[in-house]
Amino acid sequence: MPRVIVGPADFDPGTALATLEADAGAIASFIGIVRGTADNRPLAALTLEHYPGMTEQALARIADTAMTRWRLLDCLIIHRTGRLEPGARIVLAAAASAHRGDAIEAMTFLIDWLKTDAPFWKHETFRDGTARWVAPRETDQHARDRWIEP
Amino acid sequence: MPRVIVGPADFDPGTALATLEADAGAIASFIGIVRGTADNRPLAALTLEHYPGMTEQALARIADTAMTRWRLLDCLIIHRTGRLEPGARIVLAAAASAHRGDAIEAMTFLIDWLKTDAPFWKHETFRDGTARWVAPRETDQHARDRWIEP
Amino acid sequence: MKILYFAWLRERIGHAEATIDPPAGVTTIAELTEYLASLSPAHQRAFANRSAIKTALDQVFAPPETPLGDAQELAYFPPFTGG
Amino acid sequence: MKILYFAWLRERIGHAEATIDPPAGVTTIAELTEYLASLSPAHQRAFANRSAIKTALDQVFAPPETPLGDAQELAYFPPFTGG
């Protein structure tokens with residue numbers, strides 16, 4: 001059963017991954033962390049806005065798609081919301097399979113799709129007091145689109 | 001600095017990954033676990049034999065190659081040895097980068113290469129008392145060879 | 001009908017949520033967007049670049065030509081930047 | 001010179017390690033392998049399928065034609081199956 005967790009609470013990667021381990025053989029995971037700078041400017045915080053209700057649905061749809069397309073035993077998405085300081089964990093995407101190729105591909109799909117297909121918006125506050133909304137990146141769209149089936 | 005740990009001791013994935021998190025942005029990891037069956041036959045244990053001395057060198061070389069080929073801040077390989085029962089962790093390979101594509105590719109490279117290029121040998125003991133050495137798989141060799149630079 | 005604004009749309013318009021009755025003749029998302037853009041200078045500025053704005057009807061992505069039907073909730077937002 | 005055997009080679013030969021003085025005329029890995037295979041029926045069986053056996057000289061992969069030189073350690077093993 002794929003699982004999706006959205007909210008302000010931090011998570012422990014070890015505990016989260018342990019929920020996937022039973023007889024899996026292969027667990028691939030990705031953790032996103034708030035960096036200390038953006039465009040070489042020191043960052044004070046990253047704030048994640050989201051669309052409650054739609055977010056959970058969108059992530060569940062992405063996880064279900066992964067379960068259908070790869071031979072997975074389980075997958076897990078955790079995405080934090082609210083104000084996060086540099087060094088804080090933002091997101092975890094993980095997939096468990098008997099086959100390492102499936103686990104790694106599915107995990108890559110999960111992180112590529114949740115960047116473009118789940119209603120989150122990143123807002124950067126810099127240490128110099130300025131702030132901006134993060135612009136969508138074309139490279140993220142390309143990373144997403146490579147998973148579209150012909 | 002890439003790090004390599006070889007030995008019988010278990011590891012905690014959360015603790016291990018935490019050592020990679022500083023300002024990384026992106027951490028990709030793979031965990032291998034002993035499955036409960038092999039070819040549909042219940043497994044009692046998997047025993048990992050290795051070549052002390054050469055193993056650490058081989059893994060360090062693989063990790064150094066990853067650091068050279070991708071934009072990484074750090075990488076980590078932990079590989080257990082000795083007798084492991086179903087459900088036990090065998091291996092962790094992880095890469096940290098400011099770029100998620102680099103982290104994921106490097107992690108995939110690490111796990112692909114350590115399967116074919118580090119001196120470990122797997123021995124399976126089945127619940128029915130039989131035992132065998134695991135045969136090398138052609139698919140593992142292909143997974144390895146796709147990373148050879150032209 | 002509940003209207004939701006997210007990210008810089010919310011900031012430019014000045015509130016996150018509004019309840020409106022679509023005026024007569026407004027039957028699609030595009031028509032409702034026209035109407036909302038006419039409400040104030042802030043709305044007009046927020047909706048200036050329509051191609052940068054996405055919409056979801058009852059939490060499902062929907063293009064501008066989508067009929068409003070009996071939907072309860074229409075959300076306006078820029079492209080997603082999560083992960 | 002220290003000779004190491006791993007995995008099923010170790011099992012078939014019956015020990016993990018041996019110390020030998022290569023006889024006169026033995027200057028390469030291939031020549032030493034011929035000599036080792038002649039030591040006992042167990043050695044002969046273990047070395048029967050040479051193409052399935054890899055070698056490392058002083059912990060570095062080395063093909064059969066490699067000269068032994070001043071190497072201290074020669075290891076025989078099947079292909080790796082870790083991970």
Side-chain angles (χ1 to χ4, degrees), chain B residues 4 6 30-35 38 46-62 77-82 84 89-93 107-125 131-141 143-144, chain D residues 1-20 28-30 32-33 36-37 41-83:
Chain B
V4 158
V6 179
F30 179 90
I31 298 170
I33 312 239
V34 182
R35 297 186 58 204
L46 191 67
T47 304
L48 269 295
E49 183 169 330
H50 78 123
Y51 184 170
M54 185 174 172
T55 314
E56 291 78 357
Q57 278 182 56
L59 293 179
R61 202 175 312 121
I62 293 166
I77 299 173
I78 304 177
H79 203 303
R80 295 179 70 190
T81 58
L84 302 173
R89 287 176 278 266
I90 309 168
V91 63
L92 179 144
M107 171 277 283
T108 310
F109 166 84
L110 290 176
I111 190 71
D112 283 345
W113 275 44
L114 73 79
K115 280 188 177 272
T116 55
D117 285 48
F120 292 101
W121 300 275
K122 280 199 188 109
H123 183 262
E124 291 171 333
T125 309
R132 67 176 183 194
W133 289 96
V134 172
R137 296 189 311 170
E138 234 179 284
T139 51
D140 284 338
Q141 195 60 43
R144 178 218 188 264
Chain D
M1 185 172 203
K2 194 156 104 181
I3 309 294
L4 300 175
Y5 301 111
F6 290 99
W8 52 258
L9 265 149
R10 173 179 55 69
E11 283 188 342
R12 288 186 197 173
I13 285 170
H15 52 254
E17 202 175 318
T19 302
I20 62 125
T28 66
I29 292 176
L32 189 59
T33 305
L36 292 170
H43 283 80
Q44 198 177 354
R45 276 194 300 277
F47 282 110
N49 180 8
R50 305 272 161 98
S51 68
I53 299 171
K54 311 286 179 189
T55 42
L57 200 60
D58 282 344
Q59 307 195 353
V60 177
F61 254 123
E65 62 275 20
T66 310
L68 298 174
D70 294 329
Q72 305 293 305
E73 187 174 299
L74 175 63
Y76 289 93
F77 43 77
F80 306 148
T81 56

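Lettering follows sequence order; numbering is per chain, from 1.
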Margin query: So for Ala93(B), is it side chain, backbone, both, or neither that comes closer than 4.5 Å to the heavy atoms of chain D?
Written below: neither
Checklist line | Over all atoms of both residues, closest heavy-atom pair of Tyr5(D) and Glu49(B) | finding: O-OE2, 4.4 Å
Item checked: Worked verdict on Glu11(D) versus Trp133(B) for side-chain contact (heavy atoms from CB on, under 4.5 Å) -> CA-CA 10 Å; Glu11(D) 283 188 342; Trp133(B) 289 96; 2.8 Å; yes
Item checked: Proximal to chain B - members of residues 57-68 of chain D, heavy-atom separation under 4.5 Å -> Gln59(D), Phe61(D)
Check: Above 12 or not: heavy atoms from other molecules or residues under 6.0 Å from CZ of Arg132(B)?
Finding: yes
Note to self: Using a 4.5 Å heavy-atom cutoff, which residues in residues 69-83 of chain D come close to chain B?
What the structure shows: Glu73(D), Ala75(D), Phe77(D), Pro78(D), Pro79(D), Phe80(D), Thr81(D), Gly82(D), Gly83(D)
Margin query: A side-chain contact here means heavy atoms from C-beta on lying under 4.5 Å apart; do His50(B) and Phe6(D) qualify?
Written below: no
Checklist line | Which atoms of Asp117(B) approach chain D - backbone, side chain, both or neither, heavy atom under 4.5 Å | finding: backbone
Item checked: Top contributor to chain D contacts, counting heavy-atom pairs under 4.5 Å, from Phe30(B), Trp113(B), Phe120(B), Tyr51(B) -> Tyr51(B)
Note to self: Quick check on Gln141(B): does its CD atom have over 12 non-hydrogen neighbours (other residues, nucleotides or ligands) under 6.0 Å away?
What the structure shows: yes
